[in-house]
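Here the structure is a predicted model, which is why all the values come from computation and not from measurement.
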Amino acid sequence: MANFLAQFQSIKTTCDHVVIAVEDVSDLWPLVKKGFEDHLPFKRAFLNNKTRNPVLVDELPAEYILTTDSRLRSRFPQEQSLFWFREPYATVVLVSCEDLDEFKTILKPRLKLIVQNDEREWFIVFVSKAAAHNDQSTKMAKKVYAKLEVDFSSKKRERCSPAANYMSSDAINKCADSVPPMHLKNYFASPEFSLFTNKLTKWEISEEYFIYLQKPLVHLVRDFHGPDTNFWDDLEAKVMECIRNTLDRRIQFYEEEIRKLSEQRFMPVWNFCNFFILKESLAFMFEIAHLHEDAIREYDELELCYLETVNMTGKQRDFGGMDSGDDQAALLNPGKKALNQIVQDDSFREFDFRQYLFACQSKLLFKLTRPFEVASRGHSFIISFSKSLALHESKLPFCTREVWVITASLSLITATAAQYKDGEVASDIEKEFYRVQGDLYSLCRTKFMRLAYLIGYGLHIERSPVNSASLSMLPWPKPGVWPSLPPDASSEVLVKEKMMFEESLQVKHFGIQRKPLPLEPSVLLREANRRRASISAGNLFEMFDGHPNAIDGSGSMSSPAKSQSISMSRTNSSPGNFESSISRPLRLSEICVAAEHALRNTISDAELWKSLSSVQEFEQKYLELSKGAANNYHRSWWKRHGVVLDGEIAAVFHKNGNYDLAAKLYEKVCALYSGEGWQNLLAEVLPNLAECQKELGDQAGYLSSCVRLLSLDKGLFSSKERQAFQSEVVRLAHSEMENTVPLDVSSLITFSGNPGPPLQLCDGDPGTLSVIVWSGFPDDITLESLSLTLTATTNTDEGVKEIKRSGETILKPGRNTIMINLPPQRPGSYVLGVLTGKIGLLSFRSHSFSKGAPADSDDFMSYEKPTRPILKVFKPRSLVDLTAAVSSALLMNEPQWVGIIVKPISYSLKGAILHIDTGPGLTIEKSHNIEIERHMNDHTDELDHSEGSKSDDSSAAIPEVKQMSLHDGNIELPDWASNITSVLWIPVRATSDELPKGAPAGAVVPQRQNLVEGLRTIALKLEFGVSRNQIFERTIAVHFTDPFSVSTRVTDKSTDGKLLLQVILQSQVQATLTIYDSWLDLQEGFAHTRKSDKKPISGFFPLVISPKSRAGILFSVCLASAPVEVLPFPFVVCLEESEIQCPESILNIRFGIWGNRAAGAHDPNAEEPSGHDGSTQSLIFKSSLLLQRPVLDPCFAVGFLPLSSTDLQVGQLVSMRWRVERLKSLEENAASENNDDVLYEVHANSDHWMIAGRKRGHVLLSTEQGSRITISVLCLPLVAGYVRPPQLGLPNVDKANICCNPPSPHLVCVFPPALSCSFCIPP
């Protein structure tokens, strides 16, 4: 079967569509051919795939071929069974008949003979010859067609189809095309038309035809089964049914044959060529049917089966790849080699056959418009096939593997890029496609660099990390023997050596010396000479596919002088001397020349060899490949790969002096490395960028690059190199710059606030802000100016505030603490913003932050922005509180300690000054110093947390009591009291010239009046803060009072005129009072029962009175003989001596007081507030008492006249009447006055009563005893129930002279209002 490979391949190139056989029984095909072929290809065909699932085919190409055609008849039976895919898929039988007898005798037997082959799918197309106007012929044609359907169609399948009379129309159309411009009747009578009529002997040409010929010749005959479109749809449906059935049958046949061969694949007689022909025939049949998915699966299975059989042990097969041109990949050209040329015994050579299979797969994928899958599969195939090439590398020409990978990658890139169109696939697939394209470019680029290195261009390859990583892990070629040096290559060797000597290692900018990165897995000199020697024990690594360790870790190409001194020692596989034809080891230049000659024989692609012919061509191709990879990576997911390759492109531009393009690309690379934190890679690229910027005169960029170099880890550069960076910065900063721009030193200078709580200030407070600045400069650097911005976090309207530091600032390497004077700020929370300043003429800025709690090392730097504020300025609030220490009253007219509590509220009072100003009636005692002590209720959590506060819990540092002097009303608080709550004790005296007055027992004394009389004020003004800019003013009210509140009452009256007077003493202070003695100086009209004894009759002295308690003292008095005039109250007379009579009585009390100044009143003579029980010196208290003679007989009687029980009703006026009667007559002197005029006044609750009459007025009442008068007032009750009636009073008459009836307020009954009848419904 392998003999048919050439024929099979030729069939594949010629047969690419479905064949439909035409059995022309009635010689109809020449006339209907055009109509049939015009409806090809078939649209929207449904075919069954291998799994019997319907698949929609948009366009199915096909060809109608007569069964008499030589292409169908000249085939042998073996060929038909082997290449069954090219056999017809359907047979169309064209018939025409108008006579039933003719149909039964001639046509039917012939049709039976044609359709008796069961393997063939067929159907009959009946064409009517009847004229449109001939009804008889039309009826006969219908009968023939009906008989045809009965004989050849069935219920399951319809085999017949009627067609329009296309023969006559086509014939006349053909005739009309050749008609000359003459009358058509003459033409039909001409000899030319007789030739045509000979072919239409069975057709009737009537007069009607001549009429139609004068019109467009397309509607001559009509189909008796309907419009023409129905016929073509029916025809296409029947053809597709036949094709579908044939395809299913052939798929089943191929599957059965393939299954049989697959079961025998492990047998010795198994032949892969037979399996291949069957398998690819099935795949090609799917391809013809446009079932490309199934075709691809068949090729995938064929590849797997081949790999399974080719790797079978025991069979040594030729790998291939030795023919001319095999170095060029044939991944997209399946016809590059004929199949009979790559066949070997019962299989194929792997090198050619695997490429053939991939080419067939890629062709199908391109038909499916899947260039992405071609690229993806191609990349994987190149990787796997490269491994296969590595296994046979010793038998292949030198570097065939590298050359093949390059050509394969480039061909895939070109083909897939041409087929791909943006926007046709999803975005993720599009990005993945460009990623695969980038991988292909990178693979090609790596192999290309390896070839260039072998021929001596290694010094022109940038020793970058990406190139080093790619080439150092790529093994050297492993030929059987390393290429030898041609005998006539001495001149080339000299040129190569000269090129190597001229190309010296370039020193980077700033004098940076770096050990070059390796571009080779091992030293090429040793590897080449070792392979030239022999396969000895020294090549043991090769047997295990290992790589010997590199001797020179730098990987740099050794100079020729050095290579001559290297001794080539070999370990032979057998003892004794080893004779070899190789006299000496080759030098490096000789190795490169030998490799170049070998590559010239290997590479057949002229374009590829041109790119290796010179350094300039190599760099041009290198740039092309690098740009291709970078551009595709930029459009894929792997954008960082593209940026890295931009760095390789920039290296070439930099080397060639194209600094502008190099700088642009280097900036992208540096941005990537910096963003990812790859500082080692950044240290390789950044010096090149700085050199480009310096050459271009970009001072701002050059300064920025120098700063970034200084910002890198210190271990990446030596101290000398870092000092060189700093010297460049300082040099440019102190030189005149054309365009001065701010320099960002955020990565070099960082700053933060001090660890701990932020600085706390209040609105209007200045302060000193401490900032920690880390310098990354290797040496000290002087800053001509330095400023810092603060950003408000709570109030966005505040914006950014700049704070400047005066003078120069010298930053040392590492940590520096800088103090900045802070002007008053508005309330809010502030964080550090931007650090700005100047180095010479250079303005710089830094917006990077360091952690608030750095490591112990001064070299610690961080770039994390803190969330903790550095400054908090509080809104206007109470920073301090001044309150009175005691709320209870102090003694009047005695020295007392007034306590002022000074309480700082989270604010320091260091250096505060208190101004004290006493109000009227209050003076400061000069005899005592002011004292200050710690408040007993102070807690440690009240301590201030502002700047400078220290948490010292030692109570020994704070004295218990400190005495201070008052200077001009000012006093300065001690430092120990700046952060704690303290009490300031001020000695004061409240003075009052009035004697306290006693009151009768039960009398109501206005409390407010007593408080106002004893109230004194102290105006306090506290100046505090950093510069005493904070002022707190408060006026404190201090209550002073007498020790006792005196009231009197007569407890007993005797008939002889003696009265027992009780004096009640109420304590008004929070202290214990002790009465030692008391006496009473009586007013005129009263006398003591014991003439010379003014003391009380109760002698229980000393009498102790607890705080807020009462005590009583009894005096025995009597009325004097002389009449006593009742004076208007109050009438105060101060008595200097007890003998002098006065209008008021004076109570004298000698007492002592014991109390604590922290609680209230206390002993004014005691230095210590708490000490002794009792006082060493007594105090005198005096109070005036107004004694009145008792009223024995009243002067007036007021009586309420009774009311009727039905008179009081809500809403009805009622007359309230009172009777006023004079009980005794007045004396003559009193009668002379206008005492007959009596003032009355009616009092009533306004919620219960409304007064309708006169509420107040005068009435005349005779001064004689028994005089009477009745007073009436109209009143209106407002509420129902028991309420108090209005009361009549006499304002000018003392209540003691009035007798009331009833004696106390009483109640009256008020009825509710009567019901209204306006809402009643009459009966």
Roughly how far, to the nearest 0.5 Å, is [atom2] of [Y] from [atom1] of [X]?
{"X": "Glu308", "Y": "Glu301", "atom1": "CD", "atom2": "CD", "value": "12.0 Å"}
{"X": "Asp352", "Y": "Leu339", "atom1": "CG", "atom2": "CG", "value": "10.0 Å"}
{"X": "Leu66", "Y": "Lys33", "atom1": "CG", "atom2": "NZ", "value": "7.5 Å"}
{"X": "Leu332", "Y": "Cys360", "atom1": "CG", "atom2": "SG", "value": "11.5 Å"}
{"X": "Asn333", "Y": "Gln328", "atom1": "CG", "atom2": "CD", "value": "11.0 Å"}
{"X": "Glu373", "Y": "Thr416", "atom1": "CD", "atom2": "OG1", "value": "13.0 Å"}

Polar side chain donor-acceptor pair, Glu23 to Thr91, under 3.5 angstrom: no
Using a 4.5 Å cut-off on heavy atoms from C-beta on, say whether the side chain of [Y] contacts that of [X].
{"X": "Val92", "Y": "Phe123", "result": "yes"}
{"X": "Asp318", "Y": "Phe351", "result": "no"}
{"X": "Phe381", "Y": "Leu331", "result": "yes"}
{"X": "Val22", "Y": "Phe36", "result": "no"}
{"X": "Arg377", "Y": "Ile296", "result": "yes"}
{"X": "Phe286", "Y": "Lys50", "result": "yes"}
{"X": "Val32", "Y": "Val125", "result": "no"}
{"X": "Phe348", "Y": "Cys273", "result": "yes"}

Worked check of side chain to side chain contact (heavy atoms under 4.5 Å, CB included) between Glu255 and Ile258: CA-CA 5 Å; Glu255 285 182 345; Ile258 290 171; 5.8 Å; no
Tyr299 ring center within less than 6.0 Å of Phe358 ring center: no
Ring centres under 6.0 angstrom apart (Phe276, Phe353): yes
Check: [Y] main-chain N/O paired with [X] side-chain donor or acceptor under 3.5 Å:
{"X": "Glu257", "Y": "Phe253", "answer": "no"}
{"X": "Ser384", "Y": "Ser380", "answer": "yes"}
{"X": "Arg244", "Y": "Phe46", "answer": "yes"}
{"X": "Arg250", "Y": "Glu87", "answer": "yes"}
{"X": "Thr407", "Y": "Asp327", "answer": "yes"}
{"X": "Ser411", "Y": "Ala408", "answer": "yes"}

Checking side-chain contact (heavy atoms from CB on, under 4.5 Å) against [X], which of [options] comes through?
{"X": "Asn49", "options": "Ile251, Asp294, Asp248", "value": "Asp294"}
{"X": "Phe272", "options": "Val343, Ile277, Leu302", "value": "Leu302"}
{"X": "Leu94", "options": "Asp24, Asp27, Leu31", "value": "Asp24"}

Looking at every heavy atom in both [X] and [Y], which two are closest together, and how far apart are they?
{"X": "Ala330", "Y": "Lys336", "value": "CB-CD, 3.4 Å"}
{"X": "Phe433", "Y": "Pro371", "value": "CE1-O, 4.0 Å"}
{"X": "Thr246", "Y": "Pro88", "value": "CG2-O, 4.3 Å"}
{"X": "Ile243", "Y": "Val18", "value": "CD1-CG1, 4.0 Å"}
{"X": "Ala90", "Y": "Cys242", "value": "CB-CB, 3.4 Å"}
{"X": "Ala415", "Y": "Phe366", "value": "CB-CZ, 4.0 Å"}

Closer than 4.0 angstrom, basic N to acidic O: yes or no for [X] and [Y]?
{"X": "Glu256", "Y": "Arg259", "result": "yes"}
{"X": "Asp300", "Y": "Arg297", "result": "no"}
{"X": "Asp38", "Y": "Lys34", "result": "yes"}
{"X": "Asp326", "Y": "Arg349", "result": "no"}

Over 12 non-hydrogen atoms of neighbours within 6.0 angstrom of CD in Glu37: yes
Over 12 non-hydrogen atoms of neighbours within 6.0 angstrom of NZ in Lys367: yes
Let me check something: any side-chain donor-acceptor pairs from residues 53-62 under 3.5 Å, sequence neighbours excluded? List them with distances.
{"residue": "Asn53", "atom": "ND2", "partner": "Thr51", "partner atom": "OG1", "Å": "2.9"}
{"residue": "Glu59", "atom": "OE2", "partner": "Lys43", "partner atom": "NZ", "Å": "3.2"}

Pairs touching residues 353-363 that satisfy salt bridge (Lys or Arg N to Asp or Glu O under 4.0 Å), sequence neighbours left out: Glu287-Lys363, Glu350-Arg354
Step-by-step side-chain hydrogen bond (donor to acceptor under 3.5 Å, both in side chains) determination, Tyr356 to Glu280: CA-CA 12 Å; Tyr356 170 79; Glu280 192 172 18; 2.5 Å; yes
Residues Met285, Tyr89; criterion side chain to side chain contact (heavy atoms under 4.5 Å, CB included); working and verdict: CA-CA 11 Å; Met285 184 174 64; Tyr89 288 79; 3.2 Å; yes
Leu47/Met240 under side chain to side chain contact (heavy atoms under 4.5 Å, CB included): CA gap, chis, key distance, verdict: CA-CA 8 Å; Leu47 299 178; Met240 293 312 304; 3.6 Å; yes
Stepwise side chain to side chain contact (heavy atoms under 4.5 Å, CB included) test for Glu298 and Tyr254: CA-CA 11 Å; Glu298 296 302 319; Tyr254 278 115; over 6 Å; no
Aromatic ring pairing His39/Trp232, orientation class (parallel under 30°, perpendicular over 60°, tilted between): parallel
